[in-house]
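Data first, discussion second: the structure below is written as structure tokens.
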Amino acid sequence: MNTEYKIAQDTYWVGKIDNREVPFHRLILAKGTTYNSYLLKTGKPTVIDTVDMEFGREYAERLSQFIDPMDIEYIVINHTEPDHSGGLAALASRALNATIVCTAIAVPELQEMYKLHSRNFLIMNDGDTLDIGGKTLLFKETPYLHTAETMITYCVEDKILFPCDIFSTHVAVKKLFSDEAGFDITEDFKGYYSAIIHPHRRYVRTLIEAVQDLDIEMIAPSHGFLIRENIRKYIDLYDVLSRETTEGKKAAIVYTTLKNNTKKMANILQDCLKENHIETEVWDADKNSAAEILSSIASADAVFVGSSTRYADMIGNLEPILQEMKNMNLEGKLAAAFGSYGWSGEAIEVIQDYLNATNMTVQSTSEVIKSTGMIHVEFPIRVRFSPKDADKVQKIKNAAEYVSDLLLSAN
Ligand code: FEO
């Protein structure tokens, strides 16, 4: 079934089935996957998403047998990751009249990835619509589902949602629709959610709001099964799974501060953790006893340790506490280093080294990127001088929200 397949009036699946054991995000997709691309043969023919870059040329050649690429008016790219945008270079080189439709963030990404600097782009903002000649497309921004630039597309007349990664399954389907699968796809659906979407579950709330007023008769995602029965069940699964939390989590924040800037960081962390229902204790190591602080650390699920930097090192009474933490069994706890600095912030790195010498799970930018692909969350949390600017406050909040999500995640 690697050819066109009609799913609605003038709307065709034109994707690619990949039944290999596909390596993906450090997983092996044992059941393979599909890259679902759609062609809407309207007055202004439109393609929605393409296929993995490995199959780009094959895809464009097959599509050329079904429509003259020079007739394609729009190519919608909901998400730039190459398993969906990978056919764009081959398609765009044939569809020379096509305008590429995507979010503002996606434009430079697609230009750089596929050398498309001279092509026409049409930027879609949340709620924008596009007349494609007999059908209307509505666009909603859904950042971080799966990466920052992502949007979803809804065909108003056909009531079809094209959500790209969202509501997908990683199964190399022989039948397109879930109701033709011959088995219950729920476990595959939940497995995909858990592996790909759940790390971004904070953003699923945005998605649920975005789709709640849409009258959806079919979900046509870009991996696996299309869904036209029990649609509400699958949306509700995302709603429920993203809301599930583990109750009663605690955090301890320990710091020393030179000019109160690291103290301000501690307070921002505390406020954000509390907003996320994490019970939080804050300790100035120069004003509280080590025994009291170590007791708080022992009962916490996450530990933040921060210091200002002076003469390339930590200040105050922090070091004996970090020394003692190396001797404690802190397994299962999350840890993060933070601090304000003026020049290089060596103290923050020294704290990171101490935390790495414990058996806690220490947060690092590297691990965040590898596990979620998110690049707006940084560990250790480093702020130069006062954390008073909005972008510095946001940086601290991003880290606190990330830790909160890890603590509260029930999956
Ligand atoms: Fe299916 Fe985020 O790629």
Side-chain angles (χ1 to χ4, degrees), residues 13-38 47-56 59 75-89 91 100-103 105-110 112-114 139-153 161-173 176 178 185 188-204 206-207 210 219-227 234 238 241-242 368-377:
W13 179 93
V14 289
K16 171 69 184 178
I17 297 172
D18 187 354
N19 51 20
R20 303 170 303 170
E21 290 192 352
V22 186
F24 190 74
H25 285 248
R26 300 191 64 76
L27 303 169
I28 299 295
L29 307 181
K31 296 182 178 179
T33 193
T34 68
Y35 314 107
N36 299 339
S37 171
Y38 302 94
V47 170
I48 299 180
D49 292 321
T50 69
V51 300
D52 187 85
M53 61 196 319
E54 195 168 339
F55 305 103
Y59 159 77
I75 303 170
V76 175
I77 300 293
N78 281 316
H79 171 34
T80 60
E81 201 165 21
D83 53 327
H84 307 293
S85 69
L88 183 57
L91 179 58
I100 298 160
V101 180
C102 59
T103 61
I105 302 175
V107 173
E109 296 176 0
L110 295 171
E112 291 293 329
M113 289 163 73
Y114 304 116
F139 302 91
K140 300 257 189 174
E141 293 182 57
T142 50
Y144 296 107
L145 299 177
H146 167 228
T147 44
E149 82 299 336
T150 310
M151 65 179 187
I152 57 177
T153 301
L161 182 68
F162 299 94
C164 202
D165 271 345
I166 305 163
F167 303 129
S168 281
T169 44
H170 275 317
V171 182
V173 288
L176 270 188
S178 60
I185 73 158
D188 290 304
F189 185 87
K190 288 165 77 171
Y192 180 96
Y193 169 87
S194 177
I196 305 296
I197 302 294
H198 194 71
H200 308 268
R201 69 185 181 84
R202 176 175 296 274
Y203 301 95
V204 175
T206 312
L207 165 74
I219 298 175
S222 290
H223 293 293
F225 291 107
L226 285 66
I227 299 168
Y234 293 102
Y238 269 46
L241 292 171
S242 64
V368 173
I369 291 172
K370 286 185 284 188
S371 60
T372 70
M374 294 195 290
I375 57 171
H376 67 296
V377 180

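Read the numbers this way: they start at 1 and go in the same order the structure lists the ligands and their atoms. Keep in mind it's a predicted model, so treat the numbers as computed, not measured. For this chain, numbers begin at 1 and follow the sequence in order.
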Legend entry - Parallel, tilted or perpendicular: ring planes of Y238 versus F167, cut at 30 and 60 degrees: tilted

Inset, instruction - Specify whether Y35 and H223 have parallel, tilted or perpendicular ring planes, treating 30° as the upper limit for parallel and 60° as the lower limit for perpendicular. - result: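 Rings of Y35 and H223: perpendicular, over 60°.
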
Legend entry - Any side-chain donor near an acceptor of the partner, Y59 and S37, under 3.5 Å: yes

Legend entry - Pair H200-T372, side-chain donor/acceptor within less than 3.5 Å: no

Legend entry - Residue and atom names of protein N/O/S atoms that fall under 2.8 Å from atom 1 (Fe) of ligand 1: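 Those protein N, O or S atoms (cut-off: under 2.8 Å from atom 1 (Fe) of ligand 1) are D83 OD2, H84 NE2, D165 OD1, H223 NE2.
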
Legend entry - With sequence neighbours excluded, residues passing side chain to side chain donor-acceptor pair (under 3.5 Å) with Y38: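 Applying side chain to side chain donor-acceptor pair (under 3.5 Å) to Y38 gives none.
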
Legend entry - Any side-chain heavy-atom pair of D165 and H84 under 4.5 Å: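 Result yes, sub-4.5 Å side-chain heavy-atom pair found.
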
